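Structure, as structure tokens:
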Amino acid sequence: EAGVAQSPRYKIIEKRQSVAFWCNPISGHATLYWYQQILGQGPKLLIQFQNNGVVDDSQLPKDRFSAERLKGVDSTLKIQPAKLEDSAVYLCASSLDSGRAQDTQYFGPGTRLTVL
Amino acid sequence: SQKIEQNSEALNIQEGKTATLTCNYTNYSPAYLQWYRQDPGRGPVFLLLIRENEKEKRKERLKVTFDTTLKQSLFHITASQPADSATYLCALGYGNKLVFGAGTILRVKS
């Protein structure tokens, strides 16, 4: 079974530029998550989709971050404009959503963003 | 305020010994707790889940305990090997949402 795919793996941009990340979840997984992991910290949830609807975006800085999941499969996360503090690894995860609360989340390799 | 605390310093142990990692939390009431392993440059990988009504779970060389009174989970790796060296993250669970700790780095020396 193919895992969660993310691209690009690395991105370096100047502050105030824009950037987009792409995620393809495991086939059949209804729930998709975007996390931000700053060096030395644990992943922090930015946004959670169930199919193509947003379940939780309470920690997404909506003035600069946006995300969409068209057709309930792939997802993109965009930052515009980027700030220095956005330097982090952006992780995408997916889960089956079998109806059980404790579905395992499967993570992709992440995109390491450096903002100069 | 809400806090999840894991050993901030790396844990260095000798091969063959048991590694014990701690996860303490404050002002949370999770329905379950998960442990993940994260290697450098990779995403976290799920290891074990324990629910609030369970005291202990085992999987091969791994054991996790969950004490909701102490608000603490302990994660044990028995007969540790150099390949167990990684960062281990605990995550508190509510519904299908997880809140992660910062993780503990484990180094197993041969």
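Predicted, not measured: the structure shown is a model, and the values here were computed from it.
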Legend entry - Centroid-centroid distance, A:Y33 to A:F107, less than 6.0 Å: no
Inset, instruction - Taking only Lys NZ, Arg NE, NH1 and NH2, and the carboxylate oxygens of Asp or Glu, determine whether A:D86 and A:R64 approach each other closer than 4.0 Å. - result: yes
Legend entry - Partner chain B: residue of A:Q50, A:R112, A:Q48 with the largest heavy-atom pair count (under 4.5 Å): A:Q48
Inset, instruction - Identify whether the distance between the nearest side-chain nitrogen and carboxylate oxygen of B:R58 and B:E56 falls below 4.0 Å. - result: yes
Inset, instruction - Go through the atoms of B:Q6 and report whether side chain, backbone, both or neither lie under 4.5 Å from a heavy atom of chain A. - result: neither
Legend entry - SB check B:D84 B:R61 (cutoff 4.0 Å): yes
Legend entry - B:K97 bridged to A:D56 by N-O distance under 4.0 Å: yes
Inset, instruction - Between chain A and each of B:L49, B:L89, B:V45, count heavy-atom pairs under 4.5 Å; write down the option with the most. - result: B:L49
Legend entry - Heavy-atom pairs under 4.5 Å with chain A, option from B:P44, B:G43, B:G93 with the top count: B:P44
Legend entry - chain B contact via A:Q105 - which portion, at a heavy-atom distance below 4.5 Å: both
